[in-house]
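Below: one structure, written as structure tokens.
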Amino acid sequence: MKRAGAVVNSPAVVEIALPDGTYITPPAYVPVDKTAQVLGSSASPVTVTGVTTGFREAFQLASGNTASSPATLFGGAYVLTQGCTTYGTVTLRYRGPDGVTMIGMVSKTAADSGGGTVVSFGGGAIVDVSLSGTAGCNVALSRVPQ
């Protein structure tokens, strides 16, 4: 009798060189700030669980009906919340593979119900919002702590 199954191989050990000349071996994560500067010491890297647990990231993508400049995300699940005094269309956009074009991902034409819309992004995604026919709009994107 044959059984279906999968063979899981252990990942190869790969050392990663850090800017300060030290090395880490995954699974590890060296946290960086928004300018890509290493936070803390590379001599004691933080595990992925230690970094993502409770990690919060929030962006005000529009305030007072004025869209903010694009934001670069850490990656993961986010909640998009928005509220306007007058609705037209609020569109969450991400930067496309050409590095220039902003592509619409979610469009809202009414107030949020149930606390917002959950969206997911890969690390380094660049996002913004486009406002059309709106007044008094405020839009926020907040990372869901894992």
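Atom CD1 in I103 sits 10.5 Å away from atom CZ in R93 (nearest 0.5 Å). To the nearest 0.5 angstrom, S130 atom OG is 12.0 Å from L61 atom CG. In this structure, OG in S68 is found 11.5 Å from CG in L141, a value given to the nearest 0.5 Å.
Smallest separation of non-hydrogen atoms from G115 and V79: O-CG1, 3.4 Å. Annotation for G116 and T81: closest pair CA-CG2, 4.0 Å, computed over non-hydrogen atoms. Scanning both residues, A77 and S120, for their nearest heavy atoms gives CA-OG, 4.1 Å. Taking every heavy atom of both residues into account, A67 and L131 meet most closely at N-CD1, 4.2 Å. F59 and A71 make their closest contact through CD2-CB, 3.5 Å (heavy atoms, listed as atom of the first residue, atom of the second, distance). Heavy-atom minimum distance, N138 versus Q60: CB-NE2, 3.9 Å.
With hydrogens and angles ignored, the 3.5 Å screen pairs a side-chain donor or acceptor of T85 with a backbone N or O of A135. Side-chain atoms of R143 do not come within 3.5 Å of backbone N or O of A58 as any donor-acceptor pair. Put simply, the side chain of N65 gets close to the backbone of T134: a donor and an acceptor are under 3.5 Å apart. With Q82 contributing its side chain and V90 its backbone, the two residues share no donor-acceptor pair below 3.5 Å.
One hydrophobic cluster, built from ILVMFWY side chains closer than 4.5 Å, cannot hold both V106 and M102; they sit in different ones. No continuous path of hydrophobic side-chain contacts links F121 to I126 [ILVMFWY only; heavy atoms under 4.5 Å]. Follow the hydrophobic side-chain contacts under 4.5 Å out from Y87 and you never reach V139; the two are in separate clusters.
Between the side chains of S107 and T91, at least one donor N or O lies within less than 3.5 Å of an accepting N or O. With 3.5 Å as the limit, one finds a donor-acceptor pair spanning the side chains of K108 and T117.
Counting heavy atoms from C-beta outward, R95 and T101 have side chains that stay 4.5 Å or more apart. Side-chain atoms of E57 and S142, non-hydrogen and from C-beta on, never get closer than 4.5 Å to each other.
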Item checked: Full working for side chain to side chain contact (heavy atoms under 4.5 Å, CB included) between V144 and Y78 -> CA-CA 5 Å; V144 178; Y78 290 79; 5.7 Å; no
